[in-house]
Peer 1: 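First the structure, then my questions, so here it is.
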There are 2 protein chains.
Amino acid sequence: MKSRTAPPNHMLLDEQFCFALYAASRSVTGIYRPLLEPLGLTYPQYLVMLVLWERDGITVRELGRRLMLDSGTLTPLLKRLQQAGLLQRQRRHSDEREVQIDLTAAGRELRRHAENIPACMLERLCLDLPELKQLRDDLRQLVARIHPSPVEGEAT
Amino acid sequence: MKSRTAPPNHMLLDEQFCFALYAASRSVTGIYRPLLEPLGLTYPQYLVMLVLWERDGITVRELGRRLMLDSGTLTPLLKRLQQAGLLQRQRRHSDEREVQIDLTAAGRELRRHAENIPACMLERLCLDLPELKQLRDDLRQLVARIHPSPVEGEAT
DNA sequence: CAAAATTAAATTGTGTGCAATTGAATTTTT
DNA sequence: AAAAATTCAATTGCACACAATTTAATTTTG
């Protein structure tokens with residue numbers, strides 16, 4: 001007996017998981033915008049500050065590892081945060097290739113003004129914590145499980 | 001009796017749902033890149049083509065509604081697709097404000113080369129269809145349920 | 001109907017993302 | 001130790017995103 005459900009057309013935008021992900025990500029960033037605007041931060045800048053509030057004195061490379069961003073993105077972003085007086089950038093004497101990022105007093109101060117943001121976001125998202133944690137873990141699993149593309153000519 | 005679990009610090013990057021979402025979205029777009037590169041498309045361009053393959057002859061506005069993008073993003077993107085010979089843009093006679101988008105023969109042709117992409121992605125994501133649908137619906141619910149920010153001075 | 005308000009795209013300007021290249025410093029090899 | 005390879009950040013170039021403004025066309029109002 002044949003199924004009566006419509007044929008699942010994977011080319012339909014509204015069927016696609018990846019579009020839902022893309023749209024959700026941009027939507028959520030949009031919610032951050034009015035919350036971060038008073039702090040003078042964009043969402044990627046806020047992410048950088050989150051990392052530095054955990055521990056500063058780290059290198060651009062370490063920052064990039066945490067955020068999955070490269071120097072092409074981070075260098076200009078960090079220059080803006082430096083311009084805003086939130087951090088300092090300096091080559092490490094131990095290894096002149098590395099650039100170490102240190103928060104200024106103003107950068108550390110800013111944390112207090114950001115502490116209510118997670119709660120604000122939780123409210124806007126209208127999800128309870130367990131649901132959110134589940135979704136977060138699903139997304140992390142997704143990223144972790146991504147099958148590397150089969151690049152040919154790779155040495156074994 | 002006090003709980004022995006560590007205090008949940010919502011300021012920790014790796015605790016945050018929103019960062020997982022942001023990172024997952026960029027990761028997934030990164031998987032598309034090598035698949036779309038032979039077609040000469042970026043991921044946002046691919047999304048535009050998906051909408052047009054469903055139905056063309058729509059306006060920039062309708063396209064923007066489907067993709068949640070405004071003309072500031074779409075206009076230059078559509079110009080590039082036009083330059084690539086995939087579509088035509090023309091003012092509507094019925095309303096000269098509107099710009100109608102029509103696929104060219106080459107634009108319709110391209111669909112065949114894109115038809116295997118969803119299956120490729122499914123393989124790369126290493127998730128079965130039910131899980132993916134669940135996650136997709138969760139993300140859609142999230143976007144739908146987003147509480148509008150309380151903008152003051154709004155007329156009632 | 002004419003003025004005012006609204007609408008649709010385009011434009012302008014800023015800030016990501018990311019591939020590819022460059023340049024300098026360090027490490028590994030020979 | 002000198003040459004080769006590697007590493008880190010910066011730079012370059014291109015393509016989004018999105019706020020804000022502009023321009024032109026249409027609709028609504030007085």
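Residue numbers start from 1 in every chain, and the chains themselves are labelled A, B, ... in the order their sequence lines are given, proteins ahead of strands.
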Peer 1: Got a sec, which pairs hit salt bridge (charged side-chain N to carboxylate O under 4.0 Å, His left out) with one end in residues 109-118 of chain A, sequence neighbours left out?
Peer 2: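 Salt bridge (charged side-chain N to carboxylate O under 4.0 Å, His left out) check on residues 109-118 of chain A returns A:Glu109-A:Arg112, A:Arg111-A:Glu115.
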Peer 1: Scan nucleotides 19-26 of chain C nucleotide by nucleotide, 5' to 3', and note B when protein non-hydrogen atoms come under 4.0 Å of the base, S if they reach only the sugar-phosphate, - if neither.
Peer 2: B-----BS
Peer 1: Please list, chain by chain and in numerical order, all residues satisfying side-chain hydrogen bond (donor to acceptor under 3.5 Å, both in side chains) with A:Asp56, sequence neighbours excluded.
Peer 2: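 side-chain hydrogen bond (donor to acceptor under 3.5 Å, both in side chains) check on A:Asp56 returns nothing, list empty.
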Peer 1: Between atom OH in A:Tyr32 and atom P in D:dC18, what is the gap in whole Å?
Peer 2: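 Taking atom P of D:dC18 as the reference, OH of A:Tyr32 is at 16 Å.
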Peer 1: Hey, can you pull the residues of residues 56-64 of chain B with a non-hydrogen atom under 4.0 angstrom from DNA chain C?
Peer 2: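 Correct list: B:Thr59, B:Val60, B:Arg61.
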Peer 1: Residues in side-chain hydrogen bond (donor to acceptor under 3.5 Å, both in side chains) with A:Arg33, at least two apart?
Peer 2: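 Testing A:Arg33 for side-chain hydrogen bond (donor to acceptor under 3.5 Å, both in side chains), a comparison that skips the adjacent residues, returns none.
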Peer 1: Hey, which of these two, A:Thr75 or B:Met68, hits DNA chain D nearer its 5' end, going by closest nucleotide?
Peer 2: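 Of the two residues, A:Thr75 wins.
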Peer 1: Take the protein atom CD of A:Glu98 and the nucleotide atom C1' of D:dT7, then report the distance between them rounded to whole Å.
Peer 2: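 Value for this atom pair: 9 Å.
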Peer 1: Can you name the residues that form a ring-ring contact (aromatic ring centres under 6.0 Å, His included) with B:Tyr46, not counting sequence neighbours?
Peer 2: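 ring-ring contact (aromatic ring centres under 6.0 Å, His included) list for B:Tyr46, sorted by chain: B:Tyr32.
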Peer 1: Atom CG of A:Asp102 and atom CD of A:Gln82: how far apart are they, to the nearest 0.5 Å?
Peer 2: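 Between A:Asp102 CG and A:Gln82 CD, I get 11.0 Å after rounding to 0.5 Å.
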Peer 1: Any side-chain N or O of B:Gln45 below 4.0 angstrom from OP1/OP2 of D:dA15?
Peer 2: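 No.
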Peer 1: Quick one: which of A:Leu41, A:Val48, A:Leu52 gives a side-chain contact (heavy atoms from CB on, under 4.5 Å) with A:Leu86?
Peer 2: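 Running side-chain contact (heavy atoms from CB on, under 4.5 Å) over A:Leu41, A:Val48, A:Leu52 with A:Leu86 returns exactly one hit, A:Leu41.
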Peer 1: Atom CD of B:Gln100 and atom C1' of D:dA25: how far apart are they, to the nearest Å?
Peer 2: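 The answer, rounded to whole Å, is 17 Å.
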Peer 1: By a strict heavy-atom criterion of less than 4.0 Å, which residues belonging to residues 78-91 of chain B are in contact with DNA chain C?
Peer 2: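 Residues of residues 78-91 of chain B that come under 4.0 Å of DNA chain C are, in numerical order, B:Lys79, B:Arg89, B:Arg91.
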Peer 1: Under the salt bridge (Lys or Arg N to Asp or Glu O under 4.0 Å) rule, collect the residues that match up with A:Arg140, sequence neighbours excluded.
Peer 2: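 Partners of A:Arg140 by the salt bridge (Lys or Arg N to Asp or Glu O under 4.0 Å) criterion, ordered by chain and then number, come out as A:Asp137.
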Peer 1: May I have all residue pairs that pass salt bridge (charged side-chain N to carboxylate O under 4.0 Å, His left out) and include part of residues 80-92 of chain A, sequence neighbours excluded?
Peer 2: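 Every pair satisfying salt bridge (charged side-chain N to carboxylate O under 4.0 Å, His left out) with a residue in residues 80-92 of chain A: A:Arg92-A:Glu98.
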Peer 1: Would you indicate what A:Leu77 reaches in the nucleic acid, counting non-hydrogen atoms under 4.0 angstrom: base, sugar-phosphate, or nothing?
Peer 2: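 Here A:Leu77 touches the backbone only, sparing every base.
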Peer 1: Taking CZ from B:Arg26 and P from D:dA17, how many angstroms apart are they, rounded to a whole number?
Peer 2: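 Those two atoms, CZ and P, are 12 Å apart.
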Peer 1: Between atom CG in B:Leu67 and atom P in C:dA9, what is the gap in whole Å?
Peer 2: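 So the two atoms are 13 Å apart, to the nearest Å.
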Peer 1: Among residues at least two apart in sequence or on other chains, which ones pass side-chain hydrogen bond (donor to acceptor under 3.5 Å, both in side chains) with B:Asp95?
Peer 2: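 Listed in chain order: B:Arg97.
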Peer 1: B:Leu69 has an atom CG; how far is it from atom P of C:dA9, in whole Å?
Peer 2: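 Computing the B:Leu69:CG to C:dA9:P distance gives 14 Å.
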Peer 1: Rounded to whole Å, please give me the gap between CG in A:Leu36 and C1' in D:dC18.
Peer 2: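 To the nearest whole Å, that distance equals 15 Å.
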Peer 1: Ignoring backbone atoms, establish whether A:Tyr22 has a side-chain N or O less than 4.0 Å from OP1 or OP2 of D:dA17.
Peer 2: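 So the side chain of A:Tyr22 is within the cut-off, an N or O lying under 4.0 Å from OP1 or OP2 of D:dA17.
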Peer 1: If I take atom CE in residue A:Met49 and atom P in nucleotide C:dT16, what distance separates them, rounded to the nearest angstrom?
Peer 2: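 To the nearest whole Å, that distance equals 13 Å.
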Peer 1: State whether the side chain of B:Arg61 and the backbone N or O of B:Val99 hold a donor-acceptor pair below 3.5 Å, judged by distance alone.
Peer 2: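 Between the backbone of B:Val99 and the side chain of B:Arg61 there is no qualifying donor-acceptor contact (under 3.5 Å).
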Peer 1: Tell me, please, which residues at least two apart from B:Tyr22 pass ring-ring contact (aromatic ring centres under 6.0 Å, His included).
Peer 2: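 ring-ring contact (aromatic ring centres under 6.0 Å, His included) check on B:Tyr22 returns A:Tyr43.
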Peer 1: Please enumerate all residues that pass side-chain hydrogen bond (donor to acceptor under 3.5 Å, both in side chains) together with A:Glu131, with sequence neighbours excluded.
Peer 2: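 Residues passing side-chain hydrogen bond (donor to acceptor under 3.5 Å, both in side chains) with A:Glu131: none at all.
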